[in-house]
Q: 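Quick one: the structure is below, questions incoming.
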Amino acid sequence: MLSIVKNFEMNYKEDNMFREASKEDLQRISDLLGDKVDKVIEFYSKYEPYNLPALDSYVSLLSIDDIIVENTDGEPGMYLSKYGVFVFSVTLGGNVLLIDTNDNCEGDASVLLADSSMFYYDYEDDMVQLMVPDSVEDKFTEPGIIYLNYENLKKSTYKFEDSFLEFMKKLSNNEYPNIEKFLL
């Protein structure tokens with residue numbers, strides 16, 4: 001994990017881009033993410049993003065405070081968190097990078113990318129609908145309204161990595177170009 005931080009510091013020629021999380025913030029992110037992704041929580045406990053410049057891949061990593069807000073009050077995070085999928089980063093275009101706590105291996109979650117404009121809250125039905133891109137429409141067998149659930153979310157997002165730590169390693173090495181080009 002320290003190598004990830006060192007890569008960011010070297011590539012962006014900045015110090016103090018990360019800080020140790022307070023005990024209170026550590027408890028808050030642990031309560032939010034649950035106990036399936038201890039490697040993600042461990043990363044944030046030691047290296048909470050702080051004072052990061054805009055990254056070359058057009059991504060902004062969120063602080064613990066911002067993660068809490070995005071996943072409790074923000075759209076689409078407040079909808080996705082019900083399914084164990086959490087916003088941890090946003091792109092320049094307002095799209096979201098997600099930690100999928102359901103898809104994890106040895107405490108490390110997979111990372112997804114979602115177009116934030118595909119989520120629509122239907123007040124009449126009190127449900128969230130997905131406006132899926134044409135490129136994934138064929139993954140849905142039944143025509144009509146597609147409601148948000150975990151299965152439909154997985155079909156309509158781009159999976160970046162099986163590992164949050166691998167994603168962060170590649171991000172810190174500038175191995176991703178403009179991340180938004182991966183939107184489906």
Side-chain angles (χ1 to χ4, degrees), residues 1 3-4 7-8 29 32-44 47 49 52 54-62 64 66-68 70-71 74-120 127-142 145-184:
M1 289 185 213
S3 65
I4 292 169
N7 288 340
F8 275 118
I29 196 165
L32 179 73
L33 299 180
D35 59 359
K36 295 182 195 174
V37 291
D38 58 331
K39 289 186 181 174
V40 175
I41 293 168
E42 181 184 354
F43 180 86
Y44 277 91
Y47 309 111
L52 264 76
L55 303 180
D56 293 342
S57 55
Y58 304 106
V59 167
S60 292
L61 296 172
L62 301 176
I64 291 174
D66 291 337
I67 289 172
I68 302 298
E70 282 289 329
N71 290 287
E75 292 182 17
M78 67 182 189
Y79 307 136
L80 303 176
S81 62
K82 296 173 186 174
Y83 300 102
V85 179
F86 300 92
V87 175
F88 76 96
S89 180
V90 295
T91 68
L92 183 63
N95 298 301
V96 290
L97 285 154
L98 310 163
I99 298 167
D100 185 353
T101 63
N102 304 296
D103 184 11
N104 69 77
C105 181
E106 298 178 12
D108 194 358
S110 65
V111 175
L112 309 172
L113 173 66
D115 184 332
S116 60
S117 67
M118 77 178 188
F119 302 94
Y120 168 76
M127 300 280 294
V128 178
Q129 294 180 16
L130 294 177
M131 313 292 234
V132 299
D134 294 340
S135 59
V136 297
E137 223 170 42
D138 61 333
K139 293 181 180 181
F140 299 90
T141 55
E142 295 188 29
I145 297 173
I146 301 168
Y147 288 104
L148 176 62
N149 60 36
Y150 182 70
E151 181 182 327
N152 290 342
L153 178 65
K154 293 288 285 190
K155 290 178 185 177
S156 56
T157 55
Y158 177 80
K159 185 174 185 178
F160 254 102
E161 296 291 342
D162 291 325
S163 161
F164 169 79
L165 293 177
E166 183 65 23
F167 174 81
M168 292 297 288
K169 177 182 167 192
K170 289 180 179 179
L171 188 65
S172 72
N173 282 319
N174 283 328
E175 291 183 34
Y176 297 120
N178 178 355
I179 282 188
E180 290 188 325
K181 81 174 194 169
F182 293 95
L183 287 171
L184 302 173

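Only heavy atoms go into these numbers, but all of them, side chains included; no hydrogens, no water, no symmetry mates.
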Q: With distance as the sole test, does Glu137 use its side chain to make a donor-acceptor pair with the main-chain N or O of Val132 at under 3.5 Å?
A: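 Checking the backbone N and O of Val132 against the side chain of Glu137, no donor-acceptor pair under 3.5 Å is found.
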Q: Do Tyr47 and Glu42 have side-chain atoms, one donor and one acceptor, less than 3.5 Å apart?
A: no
Q: Mind jotting down which residue pairs meet the side chain to side chain donor-acceptor pair (under 3.5 Å) criterion with at least one end in residues 77-90? Sequence neighbours excluded, please.
A: Glu75-Tyr79
Q: Go through the structure and list residues passing side chain to side chain contact (heavy atoms under 4.5 Å, CB included) with Ser163, not counting sequence neighbours.
A: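 By the side chain to side chain contact (heavy atoms under 4.5 Å, CB included) rule, Ser163 matches Asp108, Leu165, Glu166.
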Q: Mind telling me whether Tyr158 and Phe160 have parallel, tilted or perpendicular rings, with 30° and 60° as the class edges?
A: perpendicular
Q: For Asp100 and Tyr150, does a side-chain donor sit closer than 3.5 Å to a side-chain acceptor?
A: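 Per modelled atom types, Asp100 and Tyr150 side chains form a pair under 3.5 Å.
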Q: Please report the closest heavy-atom contact between Leu130 and Leu153, naming both atoms and the distance.
A: CD1-N, 4.2 Å
Q: Using side chain to side chain contact (heavy atoms under 4.5 Å, CB included) as the criterion, list what pairs up with Lys159, not counting sequence neighbours.
A: Asp103, Ser110, Leu112, Asp162
Q: Under 6.0 Å from the NZ atom of Lys169, do we count more than 12 heavy atoms belonging to anything else shown?
A: no
Q: Does Asn173 reach the main-chain N or O of Glu175 with its side chain, forming a donor-acceptor pair under 3.5 Å?
A: no
Q: Provide the closest heavy-atom pair for Asn95 versus Ser116 in the form atom of the first, atom of the second, distance.
A: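 Minimum heavy-atom separation between Asn95 and Ser116: OD1-N, 2.9 Å.
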Q: Give me the atom names and distance for the closest heavy-atom approach of Thr101 to Gly84.
A: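 So the minimum-distance heavy-atom pair works out to OG1-O, 2.7 Å.
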Q: Check whether NZ of the Lys or CZ of the Arg Lys155 lies under 6.0 Å from the centre of the six-membered ring of Phe140 and within 45 degrees of that ring's axis.
A: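 Yes - Lys155 lies over the ring of Phe140, closer than 6.0 Å to its centre and within 45° of its axis.
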Q: Is there a ring pair (Phe, Tyr, Trp, His ring centres under 6.0 Å) between Phe88 and Phe86? Walk through the geometry before answering.
A: CA-CA 6 Å; Phe88 76 96; Phe86 300 92; over 10 Å; no
Q: What closest approach, in Å, do Ile29 and Tyr44 show between heavy atoms, and which atom pair accounts for it?
A: CD1-CG, 4.0 Å
Q: Taking C-beta and beyond as the side chain, do Val59 and Leu97 meet within less than 4.5 Å on heavy atoms?
A: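 Yes - at least one pair of side-chain heavy atoms lies under 4.5 Å apart.
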